[in-house]
Asker: 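Sharing a structure with you now.
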Amino acid sequence: MSERIREKLRILADAAKYDVSCSSSGSDRKNTGHGIGDTGSGICHSYTEDGRCVSLLKILLTNHCIFDCAFCVSRSSNDIRRAAFTVEEVVELTMNFYRRNYIEGLFLSSGIFKNADYTMERMLRIVKKLRLEEHYNGYIHLKTIPGASEEMVTEAGLYADRMSINLEMPTEKGLKLLAPDKSHAEVRKELGVIRKKTLQYADEMKLIKSTPKFVPAGQSTQMVVGATPESDKDIMFTADDYYKAFSLKRVYYSAYIPISHDNRMPVIGTQPSLVRENRLYQTDWLMRFYGFNVKELLNDAHPHLDMEIDPKLSWALRNPHVFPVDINTADYRMIMRVPGIGIRAAQKLVSARRYGKIHIYQLKSLGIAYNRAQYFIRCADSPFQLREKDPQDIRRIILQGSKGKFSKLQSNQLSLF
Ligand code: SF4
């Protein structure tokens with residue numbers, strides 16, 4: 001690799017690191033036999049200590065940008081070194097790294113140079129060249145350029161596995177404050193285009209098997225958390241709205257890392273709240289996989305997540321009237337709501353109880369964290385019930401029991417996946 005390319009890579013990979021929406025799950029693009037790569041079996045996620053994904057070649061096409069979003073390191077007013085890859089350079093880098101097993105896919109984003117279509121056209125050329133000329137079957141996550149034409153966005157969807165466009169701030173008010181050139185309406189429009197086309201292609205595929213796949217790994221978005229004063233409720237209500245309106249695969253939450261002296265945002269040196277970021281992911285998980293309605297977890301009376309305990313435990317302590325849950329008779333969906341019982345443990349428990357009553361000694365082998373669950377369940381031989389303990393006492397006991405873990409959380413991000 002020439003020194004010039006190496007330098008560009010250093011600048012443009014560094015500028016891309018603030019985008020966390022790079023999970024590669026959900027794609028089943030198969031190698032057709034004469035290509036290179038196969039996302040169906042080859043992709044795995046790798047997260048750095050602070051939870052960022054590192055398994056993809058994650059770069060910007062350029063960090064030149066005509067916009068001046070205050071929270072972004074590539075903003076036009078920022079005095080930084082700028083660089084831009086050519087189409088050929090990105091293709092060559094991707095193929096080289098892929099062949100050497102350095103990466104399992106490409107995550108390509110970009111600042112906006114000249115205008116949205118000018119930039120999008122280059123990104124489109126890259127993905128087409130990779131797929132059609134290099135026969136590359138690895139994973140591609142393409143960021144859509146806000147304001148790009150519907151035709152180009154749609155065409156890109158035929159070559160990318162996942163597409164995404166960032167909401168940036170959780171509310172329009174926050175966005176207008178820091179990125180007046182952007183709007184949520186524009187994001188909705190592009191997500192809507194992809195959604196509409198995805199449904200259209202899926203319908204066509206039912207009739208014509210050879211219909212090409214369109215964005216097979218779905219679309220996602222990302223919100224910056226902590227740059228503007230939105231509450232956790234504001235953030236999760238927005239996420240819920242977008243999940244429902246556009247069937248998003250993922251919403252990513254990225255704790256804001258102060259990078260500029262701007263009195264509208266936290267000062268440089270303020271630590272990004274990685275614990276908050278993680279609590280938001282846990283809430284997201286509860287909404288998507290545990291059947292919680294966002295309003296049960298966050299509402300006007302409870303607009304902020306508890307940073308000391310996870311949102312499921314927090315919900316359980318606020319709702320003592322639904323406990324204890326009799327694990328020998330309760331509905332599966334209710335069992336999943338018990339702190340200390342995850343989805344797999346709930347499944348195992350429901351299967352196991354077909355063979356007889358469940359006793360305490362069996363819980364550990366079913367994957368249940370009894371030290372938590374004990375306050376919320378009743379087994380065949382439970383010694384006491386929740387009502388005998390005050391929720392505040394339970395909170396204190398659980399916190400004491402996990403003191404080491406929680407104090408570590410103040411500086412490190414929780415393990416998510
Ligand atoms: S448009 Fe994107 S790259 Fe440009 S300043 Fe805004 S966030 Fe940064």
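In each ligand, atom 1 is the first atom listed, and ligand 1 is the first ligand listed.
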Asker: Ignoring waters, how many N, O or S atoms from the protein are under 2.8 Å from atom 4 (Fe) of ligand 1?
Answerer: 1
Asker: Test: ring pair (Phe, Tyr, Trp, His ring centres under 6.0 Å). Region: residues 58-79. Which pairs qualify, not counting sequence neighbours?
Answerer: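 Passing the test, one end in residues 58-79: no pairs.
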Asker: Please list all pairs passing the side-chain hydrogen bond (donor to acceptor under 3.5 Å, both in side chains) test where one or both residues lie in residues 173-182, with sequence neighbours left out.
Answerer: E168-K182
Asker: Is there a donor-acceptor pair under 3.5 Å between the side chain of R264 and the backbone N or O of T228?
Answerer: no
Asker: Sorted by first residue and then second, give each salt bridge (Lys or Arg N to Asp or Glu O under 4.0 Å) pair with at least one member in residues 112-121; sequence neighbours left out.
Answerer: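 Listed once each, the pairs are E121-R125.
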Asker: Looking at F292, does the NZ or CZ of R337 lie under 6.0 angstrom from its six-membered ring centre and within 45 degrees of the ring axis?
Answerer: yes
Asker: Applying the salt bridge (charged side-chain N to carboxylate O under 4.0 Å, His left out) criterion to E150, which one of K197, K189, K196 satisfies it?
Answerer: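 By the salt bridge (charged side-chain N to carboxylate O under 4.0 Å, His left out) criterion, E150 pairs with just one of K197, K189, K196: K196.
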Asker: At less than 4.0 angstrom from any non-hydrogen atom of K182, what atoms of ligand 1 do you find?
Answerer: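 The atoms of ligand 1 under 4.0 Å from a heavy atom of K182 are 1 (S), 2 (Fe), 6 (Fe), 7 (S).
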